[in-house]
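Below: the structure, in structure tokens.
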Amino acid sequence: MNNQRSFFFNVDWVTVFIYLALCTIGWFNIHSAVFDERHPGILDFKTDYSKQLLYILISLVIGIVILLLESRFITALAPAFYGITLLLLLLVLVVGRSVGGNAAWISLGGGFKLQPSEFAKFTTCLLLARYLSATNVRITEWRSFLTAGAIIGVPMVLILLQPDMGSTLVFYSLIFVLYREGLSPYFLVISALFIILFLTSILFTPLYVVAAISVLSLLIIALFRKNRRLVVTILTGLVICIAFVFSVKFIYNHVLQPHQKVRIDIVLGIKNDPRGQGYNVNQSKIAIGSGKFWGKGYLHGTQTKYSFVPAQSTDFIFCTVGEEWGFVGSVVVLGLYLFLVLRIIFLAERQRSPFSRIYGYGVASIIFFHVMINIATTIGLAPVIGIPLPMISYGGSSLLNFTMLIFVLVKLDSNRMGIV
């Protein structure tokens with residue numbers, strides 16, 4: 001009786017409610033985005049909205065199963081889950097079905113597909129939490145840092161080979177987990193610096209960029225010339241930055257795919273291609289803007305109804321929200337995501353187990369990255385990289401991944417007074 005009472009009363013129903021609200025919003029917007037008058041029934045599995053309803057029901061069953069499991073079971077099998085995911089990522093390179101230019105799916109028959117890269121996010125969070133929570137691991141030590149980097153990096157490499165740049169970049173968000181566990185903030189600063197250098201090297205002549213960072217470095221050296229260690233560090237960093245700046249053109253021209261270069265050019269304003277590579281984003285901005293304050297109403301979005309926006313039920317689902325529910329609906333959706341991320345961080349901070357805390361920050365990082373990049377893409381502030389909006393975009397693999405991420409945390413939180 002006590003165990004049953006503990007199960008029902010320790011579950012964080014606030015997080016579960018936000019999850020259910022986002023799933024419901026997602027289903028209604030998918031229904032609107034791909035509504036087919038020839039198949040109006042919600043149980044007609046020829047339509048994506050019927051399949052999504054099935055995915056939601058399956059996800060709820062999996063969520064309940066997770067809540068019934070022992071927390072120790074989840075922790076103990078983290079390496080096995082991670083290993084299975086790596087095998088699936090290797091398998092998809094051999095038998096993967098190409099969708100949107102990425103061979104990232106394994107066909108299951110009947111129109112259903114499995115995307116291993118989605119589940120890799122969940123299993124990587126589990127194994128990273130298990131490793132970093134070990135008593136002899138210190139992220140400030142190079143051995144621990146490199147091992148944690150390998151846990152994150154191996155699935156990144158396998159996903160990049162598909163090639164799926166969007167899913168690959170999601171894993172980099174786990175640097176916030178390492179930062180929470182003691183990684184120097186200089187790593188975050190350096191990451192931001194290299195992103196800025198990459199973009200400025202595309203926009204401007206490399207010699208101008210080198211001249212600018214050289215002048216800035218000399219000014220810092222002049223101010224702190226008595227600190228020899230800092231001077232050496234600045235000079236070393238300057239050499240690395242100069243080498244990086246001159247390598248950007250090679251990376252841009254020979255590593256990135258042609259469509260990736262065009263998408264970056266469009267965001268930076270170098271090119272304007274509203275009928276080609278920029279078509280999706282241009283139509284998405286039109287749809288969101290046309291919704292104005294209150295929106296056009298459910299099933300009344302003209303951009304949505306006449307299929308002006310490709311991939312509107314997946315990567316561009318947010319423009320359906322903007323068109324039919326307007327500014328108010330968009331704010332509600334963004335508010336739910338903000339509340340969810342803050343709630344997850346709250347749950348993570350109140351854990352007594354290092355494993356649960358680290359895992360919680362992994363969940364928050366992944367959800368935050370997905371939401372930030374997906375919405376930035378739909379309004380033209382980021383290149384199109386093809387990642388779904390959590391719980392709202394169409395897709396079984398994505399929904400199952402976020403379900404497992406969230407419900408495992410809820411389970412760990414319900415047992416926070418115990419030992420994981």
Side-chain angles (χ1 to χ4, degrees), residues 15 71-72 74-76 78-79 81-82 120-157 168-197 220 224 227 229-230 232-234 236-237 240-241 244 338 340-373 405-406 408-413 415-420:
T15 303
S71 298
R72 296 176 186 272
I74 298 169
T75 311
F81 292 148
Y82 183 82
K121 301 166 189 175
F122 166 64
T123 58
T124 300
C125 276
L126 280 180
L127 187 61
L128 184 65
R130 172 164 170 160
Y131 174 72
L132 292 178
S133 61
T135 54
N136 60 339
V137 173
R138 299 289 183 273
I139 197 62
T140 52
E141 298 175 358
W142 277 107
R143 181 179 178 181
S144 299
F145 175 73
L146 292 175
T147 303
I151 292 172
I152 300 170
V154 171
M156 288 181 72
V157 171
T168 302
L169 291 176
V170 171
F171 286 82
Y172 191 74
S173 67
L174 294 176
I175 192 174
F176 293 109
V177 179
L178 304 184
Y179 170 71
R180 171 59 181 83
E181 294 307 305
L183 184 68
S184 171
Y186 288 116
F187 281 90
L188 298 180
V189 174
I190 291 170
S191 298
L193 175 62
F194 277 103
I195 292 172
I196 294 171
L197 286 177
I220 296 174
F224 300 97
N227 189 335
R229 183 176 180 181
L230 179 60
V232 172
T233 301
I234 295 295
T236 304
I240 295 173
C241 287
F244 177 76
L338 177 61
L340 177 63
V341 171
L342 293 177
R343 185 67 184 181
I344 290 172
I345 293 174
F346 169 76
L347 297 184
E349 286 294 342
R350 75 179 183 182
Q351 302 305 307
R352 299 176 64 183
S353 159
F355 173 87
S356 302
R357 181 189 67 247
I358 297 166
Y359 175 78
Y361 269 91
V363 177
S365 298
I366 288 174
I367 291 177
F368 174 76
F369 185 90
H370 266 267
V371 174
M372 180 181 68
I373 298 300
L405 279 169
I406 291 171
V408 165
L409 177 61
V410 170
K411 174 59 183 178
L412 294 172
D413 177 70
N415 194 46
R416 65 184 178 275
M417 303 307 292
I419 300 175
V420 178

Query raised in the report: Do we see a donor-acceptor contact under 3.5 Å between the side chains of Ser191 and Tyr172?
Result: yes
Query raised in the report: Does the side-chain contact (heavy atoms from CB on, under 4.5 Å) test come out yes or no for Glu349 and Tyr361, once each step is laid out?
Result: CA-CA 9 Å; Glu349 286 294 342; Tyr361 269 91; 2.3 Å; yes
How long is the span from the [atom1] atom in [X] to the [atom2] atom in [Y], to the nearest 0.5 Å?
X      : Y      : atom1 : atom2 : value
Thr233 : Ile220 : OG1   : CD1   : 11.5 Å
Asn415 : Ser71  : CG    : OG    : 4.0 Å
Lys121 : Ile367 : NZ    : CD1   : 11.0 Å
Phe171 : Met156 : CZ    : CE    : 8.0 Å
Ile151 : Leu128 : CD1   : CG    : 5.5 Å
Asp413 : Thr15  : CG    : OG1   : 7.5 Å

Do you know the tightest heavy-atom contact between [X] and [Y]?
X      : Y      : answer
Leu405 : Cys125 : CD2-SG, 4.2 Å
Arg130 : Ala76  : NH1-O, 3.1 Å
Pro155 : Ala150 : CD-O, 4.5 Å
Ala148 : Ile139 : CB-CD1, 4.0 Å
Ala129 : Ser133 : O-OG, 2.8 Å
Pro79  : Thr75  : CD-O, 4.2 Å

Query raised in the report: Can Leu174 and Leu178 be said to form a side-chain contact (heavy atoms from CB on, under 4.5 Å), step by step?
Result: CA-CA 7 Å; Leu174 294 176; Leu178 304 184; 5.9 Å; no
Report task. Walk me through it: do Arg138 and Glu181 pass the test salt bridge (Lys or Arg N to Asp or Glu O under 4.0 Å)? Result -> CA-CA 8 Å; Arg138 299 289 183 273; Glu181 294 307 305; over 6 Å; no
Requested in this report: Check the angle between the aromatic planes of Phe145 and Trp142 and answer parallel, tilted or perpendicular using the 30° and 60° thresholds.
Outcome: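 Perpendicular, since the angle between the ring planes exceeds 60°.
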Mind checking whether [X] and [Y] have side chains closer than 4.5 Å, heavy atoms only?
X      : Y      : result
Ile240 : Phe194 : yes
Pro354 : Leu132 : no
Ile366 : Phe122 : no
Tyr131 : Leu127 : no
Ser353 : Leu412 : no

Mark yes when over 12 heavy atoms from residues, nucleotides or ligands other than [X] sit less than 6.0 Å from its [atom1]; otherwise mark no.
X      : atom1 : answer
Phe176 : CZ    : no
Phe369 : CZ    : yes
Phe81  : CZ    : yes

Requested in this report: Run the numbers on Tyr82 and Val154 for side-chain contact (heavy atoms from CB on, under 4.5 Å), then give the verdict.
Outcome: CA-CA 11 Å; Tyr82 183 82; Val154 171; 3.8 Å; yes
Run the side-chain donor-acceptor check on residues 183-190: report pairs under 3.5 Å with partners two or more places apart or on a different chain.
{"unit_1": "Ser184", "atom_1": "OG", "unit_2": "Tyr186", "atom_2": "N", "d": "3.2"}

Report task. Report the C-alpha separation of Val137 and Arg143 in whole Å, then their side-chain angles, then the decisive distance to 0.1 Å, and conclude whether the side-chain contact (heavy atoms from CB on, under 4.5 Å) test is met. Result -> CA-CA 9 Å; Val137 173; Arg143 181 179 178 181; over 6 Å; no
